[in-house]
Amino acid sequence: MNTENTILSQLNSSQQEAVKHIEGPLMLIAGAGSGKTRVLTHRIAYMLTKGISPYNILALTFTNKAAKEMRERVYDLIGEANAKATSVGTFHSIFLRILRIEATKLGFRENLTVYDTDDAKNVLKNIIKDMNLDIKTYLPGYVLSRISNAKSSLLSAEDYAQSPEIAQADAVSGLPMIGEIFLRYAARLRKSNAMDFDDLLYFMNVLLRDFPETLLKYQRRYRYILVDEYQDTNYAQYLIVKKLAALSRNICVVGDDAQSIYAFRGANIENILNFRRDYPEAKLVKLEQNYRSTKNIVKAANAIIKYNTEQLQKEVWTNNDEGAKITIHSLSNETEEANTVANSILDMKLNFHLKNNQFAILYRTNAQSRALEETLMKRNIPYKIYAATSFYNRKEIRDLIAYFRLTVNNYDEEALRRIINYPHRGIGATTLEKITVAADEYNVHLWNIVNEPHVYNPEVNSPTKTRLQDFASKIKSYTAQIQKMNAYDLAMHIVTTSGMLLALKENIAEKERLENVEEMLDSIKSFTEKQPDNLFNEETGEMIENYVPTLDRYLESVALLIDDVDEDKEDEDKVKLMTIHAAKGLEFDHVYVTGMEENLFPSSLSLGTKRELEEERRLFYVAVTRAKKSLTLTHCQMRYKYGSPMFCERSRFLDEIPDNYLKIIQKASSKASFSGSYASSNCGKSSYSVPLSVKKSVPKTSKQINTASIGKEATPDDIVPNIRVYHATFGYGNVIKTDGVSHDKKAVVNFDSVGEKTLLLKFAKLILPYK
DNA sequence: ATGGAGACCTTTTTT
DNA sequence: AGGTCTCCAT
């Protein structure tokens, strides 16, 4: 446990100021790389030295990643026991925990389950079909976003349906039935004892609004509140925090308006701008010294963000070295872009003895990762793609979780529908339709019909009834085990006795799915072996003795976790690929931002309003400020979109970086590879991507990458046994032997990544690497 | 009831 | 290009 002095000695003066201000409201404006998390965690440690109980501390973050990082760093500072007593987590996860405890007050049952976006869309799809509405008019995703916005503004389905203004607006946009859909949707979720993401915030507000004694309970418990990324909070989140802090007024919010990138989903910049209206006595501290990046990067970032008109005054500066200038590569297509990035990484690794994990490749959309991935794989550069939905969105994982959900909450209709016939047990679409009709008729849950088919007599034949009953019995037998077995044992039991494992094993093509399920089971095993974050009884504050890591607890921990299962292996030596959004809050030595093109970044969907464009620019600011040592930006003249090639203009953002922070702007190396007829004429000032008229005839230009940075091009005579060479596709290798002379000379080269290849030298374009 | 072929749609970003 | 959905053949 650190003393007050050791805590403060690790901080600069404004950081200290922030850490020492623990009573009363505090707003921290924290520039990129200014040690924000450091201040938050040290502030928690400092509180403990002042005798504040960790049990009274609540720290809310926006993403799981941020929560995890904060937990780890708090743990390092104040030790295990204290760290576990604090409440550090995302808004959604902390509130889910509370809502499960208080569920009955809100008319829900215990063991709430959480519907993710896919579940929610599914429910909406069913409702829209039931109402005989056109699914293409009432797009489930769009309807969901309307519902989500309403809930974020604390409108209930009833409020929505009864509002004449909203009804008018929906009528004008040709979607008059959204109110009715919303009503049915809310009813359906309640019936399933489930909440969607927005409900977690909405019902938390309802709880604190309608139950004063509950409000008081949590106000007393959470006497010190910290909110990270305050600029990303929406109205519902803002109000919860305001209510919780109303008694103690010990609230610290941290944010950077320049890094607000979630307005598109309801985040409200005003929350940070209005903080001092709610708390006039608030202290304001600005963290402006950047410890992360070079002067070049910091100054370039400052210059970029100046193009935005809406922002708080702040001047980020650094004492770090000047550093390398920012490189821009102009390439002809995405293959070349990927090759250029790969070359640069290999080059830097070789010259400066760097590791893969010092590099990150960032992009605007997930779709861009594919071309990069292919190239990295070809070049044998280890990489990892951080895509939010990768693991948990897999069919087999969702199936498995559906079993868990149904086990914990028999009324979880989406889970039931998902697995009632997986693996196949003769309960097909027809049967499902029949029992749905019966459930509506008797106004009971789908589960009731499945559980007691002989009572409700759905119009299915007798063997089918038996099959339904068998399924229900199986699930009930799992439910009965929840408190008796730990999560892993029960999960294993479910996987084996449900037939899921067998189904996966029978089908050779499902091998990968089987492996994923096994990986999931491994992660459950480690969950059961790991002590939980919070060993206190939420009601009493007492230590929980004989804690058992049960399946329902596992589900709670995983319900809101979209991150990868094997997130522990962070020290893996791999190049990291992710969207800029996903990179927020992270830092990397060497950063590549690809696809710096109009309509991609800034996105074509964000060009409508100044507000949206400014958000894109903030996103660019975030991208730039991720880099510690070097930053490389790339853009292409041509890129595939929706499967067809499109011309691309360089992003306006590139022109917003002052020249004195920029290095060589490399010209596209292979303009000539476009056949002249369409190369220039369509490239004009149009703000749209222009589809190429010629499909699939674009020449491959991967061999025309700029290799000047790696070495000089070899003539056939240069190639002799035992020398080391570089090849644009195969990478580095050693020449084994040669055969023939001059233009017909061949060489056998043993490449590091792909092994021996025989090359005809007049075509191979080998490079002699610089030493 | 199951699966395959073809149409069709998608594309921000995340809890 | 890739995934999802629909419909038709089995």
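Atoms considered below: every heavy atom in the structure, side chains included; atoms not considered: hydrogens, waters and symmetry mates. Chain letters run A, B, ... following the sequence lines, proteins first and then strands; every chain starts at 1. Here the structure is a predicted model, which means the values were calculated and not measured.
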Out of [options], which has the shortest distance to the side chain of [X]?
{"X": "H581(A)", "options": "dT11(B), dT13(B), dT15(B)", "result": "dT13(B)"}
{"X": "A582(A)", "options": "dT14(B), dT13(B), dT15(B)", "result": "dT14(B)"}
{"X": "K125(A)", "options": "dC5(C), dT15(B), dC9(B)", "result": "dC5(C)"}
{"X": "Y642(A)", "options": "dT6(C), dT15(B), dA1(C)", "result": "dA1(C)"}
{"X": "K129(A)", "options": "dT2(B), dT6(C), dG2(C)", "result": "dT6(C)"}
{"X": "A367(A)", "options": "dT15(B), dT13(B), dT11(B)", "result": "dT11(B)"}
{"X": "T117(A)", "options": "dT2(B), dT15(B), dT13(B)", "result": "dT15(B)"}

Atom [atom1] of [X] and atom [atom2] of [N]: how far apart are they, to the nearest Å?
{"X": "L200(A)", "N": "dT14(B)", "atom1": "CG", "atom2": "P", "value": "18 Å"}
{"X": "E373(A)", "N": "dA1(C)", "atom1": "CD", "atom2": "P", "value": "16 Å"}
{"X": "M204(A)", "N": "dT15(B)", "atom1": "CE", "atom2": "C1'", "value": "16 Å"}
{"X": "Y621(A)", "N": "dT13(B)", "atom1": "OH", "atom2": "C1'", "value": "20 Å"}
{"X": "M646(A)", "N": "dT11(B)", "atom1": "CE", "atom2": "P", "value": "16 Å"}
{"X": "K136(A)", "N": "dC8(B)", "atom1": "NZ", "atom2": "P", "value": "7 Å"}
{"X": "I580(A)", "N": "dT11(B)", "atom1": "CD1", "atom2": "P", "value": "19 Å"}
{"X": "N333(A)", "N": "dA1(C)", "atom1": "CG", "atom2": "P", "value": "14 Å"}

(Q) For T436(A) and E433(A), which I'm curious about, is there any donor-acceptor pair between the side chains at under 3.5 Å? (A)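 No pair is found: no donor N or O on one side chain lies under 3.5 Å from an acceptor on the other.
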Is the phosphate of [N], meaning OP1 or OP2, less than 4.0 Å from a side-chain N or O of [X]?
{"X": "N366(A)", "N": "dT13(B)", "result": "yes"}
{"X": "K584(A)", "N": "dT14(B)", "result": "no"}
{"X": "T579(A)", "N": "dT14(B)", "result": "yes"}
{"X": "T430(A)", "N": "dA1(B)", "result": "yes"}

Has the side chain of [X] got a donor or acceptor atom that lies under 3.5 Å from a matching backbone atom of [Y]?
{"X": "D470(A)", "Y": "R467(A)", "value": "no"}
{"X": "E337(A)", "Y": "G595(A)", "value": "yes"}
{"X": "S153(A)", "Y": "N149(A)", "value": "yes"}

Q: Could you check whether F91(A) gets within reach of a base, just the sugar-phosphate, or nothing at all, counting any heavy atom under 4.0 Å?
A: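 Counting heavy atoms under 4.0 Å across all strands, no contact is made by F91(A).
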**Q.** C1' spacing across the pair dT6(C) / dT11(B), given as an integer number of angstrom
**A.**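 Result for the C1' pair: 22 Å, nearest Å.
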Q. Taking for each residue the nucleotide of DNA chain B bearing the nearest heavy atom, is the 5' side occupied by S93(A) or by L139(A)?
A.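 Of the two residues, L139(A) wins.
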Q | Nearest-nucleotide 5' precedence on DNA chain B, E615(A) against R425(A) | A |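 Nearest-nucleotide comparison on DNA chain B picks R425(A).
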Q) Is it true that R639(A) and E334(A) make a salt bridge, defined as a side-chain N closer than 4.0 Å to a carboxylate O? A)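 So R639(A) pairs with E334(A) through a salt bridge.
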Q | Centroid distance under 5.5 Å and plane angle under 30°, F264(A) vs dT13(B) | A |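 It does: the two rings, one from F264(A) and one from dT13(B), meet the stacking criterion.
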Q | Point-to-point distance, once rounded to the nearest 0.5 Å, from CD of E616(A) to CZ of F653(A) | A |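 That separation rounds to 6.0 Å.
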